[in-house]
Number of protein chains: 2
Amino acid sequence: MGHTTPGSPPTPELLDELSQFFRLLSEPARLQLLCQLEHQGPMDVAALIEATGFSQSHISRQLGQLQRAGLVRNQREGVRLTYAVADPLVPQLCNLVQTSLRQRLEQQLQLLQSA
Amino acid sequence: MGHTTPGSPPTPELLDELSQFFRLLSEPARLQLLCQLEHQGPMDVAALIEATGFSQSHISRQLGQLQRAGLVRNQREGVRLTYAVADPLVPQLCNLVQTSLRQRLEQQLQLLQSA
DNA sequence: AATTGCTATGAGCATAGACGCATAAAGGGT
DNA sequence: ACCCTTTATGCGTCTATGCTCATAGCAATT
């Protein structure tokens with residue numbers, strides 16, 4: 001039940017960093033780009049445009065944000081840039097959340113069945 | 001290096017659910033409320049107002065969102081509502097992200113030292 | 001049922017950020 | 001040096017939402 005965490009409460013700075021990080025993943029476009037890269041391996045921008053249907057400028061901006069956060073890395077291939085996932089954290093998080101969401105849905109389903 | 005995830009790519013619906021979930025944590029106010037509850041154990045709204053300095057209506061709305069998402073649960077104590085964390089997922093996520101952020105900072109530090 | 005104390009919610013304002021268009025910047029080939 | 005291709009960025013628009021004020025709803029007490 002009601003755990004209390006023994007450590008100190010998170011500082012405002014940490015709180016801000018955490019929320020900023022989650023904000024990156026809160027945008028479907030960015031999350032989609034990340035998942036696409038995770039699933040397909042490294043891709044260049046043209047392929048990402050093709051896969052997602054977003055405009056070039058939009059993709060460039062979103063990838064820029066992901067790169068500044070260290071979630072993605074790029075590499076030149078001639079004039080093109082190839083992007084790749086740079087941190088295994090994101091898939092981990094998504095799996096955790098996905099599992100939790102599923103569990104909650106199953107619980108709700110059981111509640112409905114018992115009614 | 002470049003893993004590719006064997007499973008199928010996430011459906012648009014899953015992508016939306018995941019991003020909506022992360023959006024909840026992307027707001028400093030909500031994350032602060034969650035951390036406060038996690039750290040102090042169950043608290044009533046007056047205590048949360050005291051602890052965070054937010055207005056009553058703001059807190060009510062944010063707690064409502066967290067509750068609809070199943071992250072928080074409330075319980076009547078007379079006329080007051082006491083809120084408590086309802087899912088251990090959030091502290092897990094925060095710890096993962098925090099660890100990853102720290103690792104990245106340490107790497108950057110080493111890069112600076114070797115320069 | 002009226003009053004009191006606590007919580008939820010409608011209305012409105014302000015701001016952040018997504019998204020596209022146009023254009024600049026950068027890199028490579030002739 | 002010029003041109004072509006690819007990526008980054010300034011600017012404008014529009015939507016979403018944080019946040020507040022006022023007020024409505026609701027539970028307990030008398």
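Residue numbering restarts at 1 for every chain, and letters A, B, ... go by the order of the sequence lines.
- In this structure, A:Arg68 places its CZ atom 13 Å from C1' of C:dG17, rounding to the nearest Å.
- For C:dA18, the base has no donor-acceptor partner in the side chain of A:Gln62 [N/O atoms by modelled type, under 3.5 angstrom].
- Applying the 6.0 Å contact sphere to CD of B:Glu50 captures no more than 12 heavy atoms from other residues, nucleotides or ligands.
- The distance from atom CD of A:Gln56 to atom P of C:dA24 is 15 Å, rounded to the nearest whole Å.
- What separates CZ of B:Arg76 from C1' of D:dA28 is a distance of 9 Å, to the nearest Å.
- Atoms CD1 (A:Ile49) and C1' (D:dA8) sit 12 Å apart, rounded to a whole Å.
- Atom-to-atom, CG of A:Leu81 to C1' of D:dT5 comes out at 12 Å; the value is rounded to the nearest Å.
- Within residues 9-25 of chain B, no residue places a heavy atom under 4.0 Å from DNA chain C.
- For B:Arg80, the CZ atom sits in a loose shell: 12 or fewer heavy atoms of surrounding residues, nucleotides or ligands are nearer than 6.0 Å.
- Going from atom CG of B:Leu33 over to atom P of D:dC19 covers 10 Å, rounded to whole Å.
- In this structure, B:Gln67 reaches neither bases nor backbone, as no heavy-atom distance under 4.0 Å exists between it and the strands shown.
- For A:Ser60, no side-chain nitrogen or oxygen approaches OP1 or OP2 of D:dT7 to under 4.0 Å.
- A donor N or O paired with an acceptor N or O is found under 3.5 Å between the base of C:dG20 and the side-chain atoms of A:Arg61.
- For D:dC19, the base has no donor-acceptor partner in the side chain of B:Ser57 [N/O atoms by modelled type, under 3.5 angstrom].
- Taking every side-chain heavy atom of B:Arg80 into account, C:dC6 is the closest of D:dT5, C:dC6, D:dC21.
- Separating the CG atom of A:Leu48 from the P atom of D:dA8 is a distance of 12 Å, rounded to the nearest angstrom.
- Annotation: A:Arg73, atom CZ; neighbour count of heavy atoms from other residues, nucleotides and ligands within 6.0 Å does not exceed 12.
- Of the two residues near DNA chain C, A:Gly78 and A:Glu27, the one whose nearest nucleotide lies more 5' is A:Glu27.
- One can place NE2 of A:His58 at 14 Å from C1' of D:dT9, the figure rounded to the nearest angstrom.
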